[in-house]
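What follows is a short report on a single structure.
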Amino acid sequence: MQGQTGFSVLVVDDAKTEQVRVSGLLSRHGPYQISTAANGVEALECLGRMPVDLVLTDLQMPEMNGLDLVRRVRDEYPQIPVILMTAAGSEEIAVSAMQEGAASYLSKTARIDELLNVVRRVLDARAEGLVHQLVLDKLQQDVYELVLGNSRLLMSATARFLRNAMQAMALCPQKELVRVGIALEEALLNACLHGNLGLDSRLREDSGEVFETLADTRSRIDPWQGRRVRVTAQISRRRATVTILDEGSGFNPARLPDPTDPENLLKPHGRGVMMMRLFMDDVFWNETGNQVTMIKNASAHE
Amino acid sequence: MFEHWQREDGCDWGIPEVGVSKVTGRRATILLIDDSATERTRAVGLMQRQRPTWDVLSAAGAREGLTQIVSNPIEIDVVVCDMVMPDMDGRELLAEISRTHPNLPVIVISAQGNDQIAAQSLEMGAVNYVPKRSLAEGLVPAIDEVLKSQKELALSQDVMRHVVSNRAVFVIESSLEQIRSLVNLTRTRLVSLNRFNSESVQSLTAAVRESLLNAYYHGCMQVNEVPMQHARDTYVQLAEERRNGSDPGNHPIELEIQFDHRGITFRIRDNGPGFDVDQTLEQINATASDVDRTDRGTGLQLIHSVSNRVEFNSAGNEISFTRLMDDPG
């Protein structure tokens, strides 16, 4: 790491002799400053108190074992890699450890050069990962134009794609992003079903299956099959603006039934638009009603 | 209104069929590689019983497996292989697959209860490890999980195919580390666009690196020689000399990547003083047209060799180069 004189390594083991052995090995063979802890609980306390670059932990410990520590560190200190070490060899544990987020796995009887290699490899990967994340945060603007056919799968995939692009901009917290994704999907489905395929959503009330079959049939024949949905998404760190244009004849949003009226709550008609309005900061249509614009602003505390 | 946009066939609303991937329209295909005939029969039988819609292929060794991967017209979705085999061991196979087919997931199985093999194979890129004694209950769920994330990947690639234009702007600090990372990001974005072959991706990425380094050395470090006339080493040395005792400060470097049906344009800008474009452009272009590919030489030659058009702004602190879509380059 640039400008760093050494790495801070936390060695966690309930056996004092092991602590001394590993600490000694590392501090003699590299720029490592070692701290020690006797179990997972103590380790977490240490992590809370001081900056640590790497954790090496035993598996079997009282109070909190190594695998639990791996999980806790992954959740609370995702930037800090953990290497799990154990005397008893068992591949299931190795696999669990890696899948729970351990950076690597070492046997206590591993040779010195293997231990040092793994430690250095993990630290290098961490340094690179940190810079990578830093540069991802340097993305200022991402603007997309897409042209889509009338496919349900493509609509939900596109909604997810755009939501991920907003996530890359750290526009708002995960929970809000999920709702934005829903709003986008509703808008895209509307553009397909009601816009391009010209299906009245009242049809959905009667029979969902008939509705789906009709949608599928129309999507394969003229004039509906040639119609496209055009999406423009401008995403910056402060705001995301998504415009969706369909080739249908448009509609009048003012004539949708009032979705807050309890009578209409359970009706599919208009519910999509209600969700769009709820989850986005601003929603408006062009005069024809075949183009909708949705705006989401960055969260205040971001 | 929409005339010039791509039309595609077969884009229907879609009522999903069981067992068929809607995106690709074909069944999941698994390749099992194990040198033991008994083991192969067991594993294949297991998969076919629990997942009758899967297409299960098998190979008796690593080389046979690799041949199948390369030559099978039906794309293989997941590889399941034994770690220990006579002709090429599992580790070499893993390395080879991640080199030639980086997006092909491999699940490793092994009769030997060895934790080191397990951890190593995961570190080397296997997506999962199932010990043979747990095969009956562990193999199919492991494959299910991989297929699910493969499908998500395929879906996002499908969306990328429908992108008709994209503009991305990065603003980084004058740091060699950030430049290296940004170059990697650029490569990733170029790959995901799926419009350029890997050779073009490499050369375009190299051109971006040259431009970013130029922005760093000439713009931020203010090595005010005419840029990209000499080998980079000269400038690096000058920069080292300049840096001793002086803080480069924070000079932002901007990278814009603009892509549409016509081609892709990279624009790199720094906030340095630039150079006298009028006076030196002739000199630069004269050198650039004299492209000698055997000479490692100047960055500008590299940029010219990958682009159809190269431009500087009048202040001399911004370069943009374009690669047209139909140009085989």
Side-chain angles (χ1 to χ4, degrees), chain A residues 2 84 86 89-95 97-99 102-107 110 121 127-128 131-132 134-136 138-154 156-158 160-162 164 192-193 197 212-213 215-220 225-228 230-231 247, chain B residues 1-2 5-16 22-23 110 112-123 128-131 134 152 154-160 162-173 175-182 184-185 252 254-256 258 260:
Chain A
Q2 220 172 23
L84 195 67
T86 184
S90 164
E91 73 258 344
E92 267 112 6
I93 299 193
V95 173
M98 301 286 277
Q99 290 184 323
S104 193
Y105 177 94
L106 269 171
S107 163
R121 230 179 25 234
E128 208 173 297
V131 178
H132 179 72
L134 186 70
V135 173
L136 273 177
K138 303 292 184 185
L139 177 64
Q140 302 297 323
Q141 269 203 62
D142 216 359
V143 180
Y144 291 94
E145 238 185 282
L146 302 105
V147 176
L148 312 165
N150 303 306
S151 149
R152 174 185 278 285
L153 211 57
L154 188 55
S156 57
T158 302
R160 202 154 49 242
F161 177 88
L162 293 174
N164 289 342
C192 262
L193 288 166
L197 301 176
E212 288 293 313
T213 314
D216 192 51
T217 310
R218 280 196 182 178
S219 69
R220 297 168 196 265
Q225 77 171 339
R227 294 180 183 169
R228 294 289 179 263
R230 179 189 186 182
V231 181
E247 291 184 86
Chain B
M1 174 166 57
F2 295 71
W5 292 336
Q6 65 222 76
R7 307 249 139 184
E8 59 183 82
D9 302 315
C11 190
D12 52 84
W13 180 247
I15 303 176
K22 188 54 198 166
V23 175
S110 181
Q112 294 186 349
N114 190 321
D115 52 7
Q116 288 293 62
I117 290 186
Q120 267 178 28
S121 43
L122 286 173
E123 244 187 279
N128 210 335
Y129 174 97
V130 183
S134 319
E152 279 172 28
L155 279 175
S156 77
Q157 282 173 345
D158 197 29
V159 175
M160 271 315 291
H162 292 81
V163 169
V164 298
S165 81
N166 173 233
R167 178 173 167 264
V169 178
F170 291 87
V171 180
I172 60 169
E173 291 152 338
S175 140
L176 289 171
E177 268 186 337
Q178 288 189 24
I179 288 175
R180 191 178 63 230
S181 195
L182 182 55
N184 284 334
L185 258 178
E254 195 176 302
L255 166 66
E256 179 190 72
Q258 155 79 42
D260 62 26

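In what follows, every chain begins at residue 1, and chains take the letters A, B, ... in the order their sequences are listed. Both backbone and side-chain heavy atoms feed into the values below; hydrogens, waters and symmetry mates do not. Since this is a predicted model, take the numbers as computed values, not measurements.
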B:N166 side chain to A:E145 backbone, donor-acceptor under 3.5 Å: no

B:Q157 atom CD, neighbour heavy-atom count above 12 within 6.0 Å: yes

Considering all heavy atoms, the nearest B:Q178-A:V135 contact: O-CG2, 3.6 Å

Engaged part of B:L185 at the chain A interface, taking heavy atoms whose separation is under 4.5 Å: side chain

Greatest number of heavy atom pairs closer than 4.5 Å to chain A - which of B:A168, B:S134, B:S181, B:S156: B:S181

Which portion of A:L134 sits near chain B, non-hydrogen atoms under 4.5 angstrom: side chain

Point-to-point distance, once rounded to the nearest 0.5 Å, from CE of B:M160 to OH of A:Y144: 6.0 Å

4.5 Å side-chain heavy-atom contact, B:H162 and A:L154: yes

A:R160/B:L155 under side chain to side chain contact (heavy atoms under 4.5 Å, CB included): CA gap, chis, key distance, verdict: CA-CA 10 Å; A:R160 202 154 49 242; B:L155 279 175; 3.4 Å; yes

Straight-line distance of A:L136 CG to B:L182 CG, nearest 0.5 Å: 10.0 Å

B:E177 to A:V131 - nearest heavy-atom pair and separation: O-CG1, 3.5 Å

Closest non-hydrogen atom pair between B:V171 and A:Q140, with its separation: CG2-CG, 3.7 Å

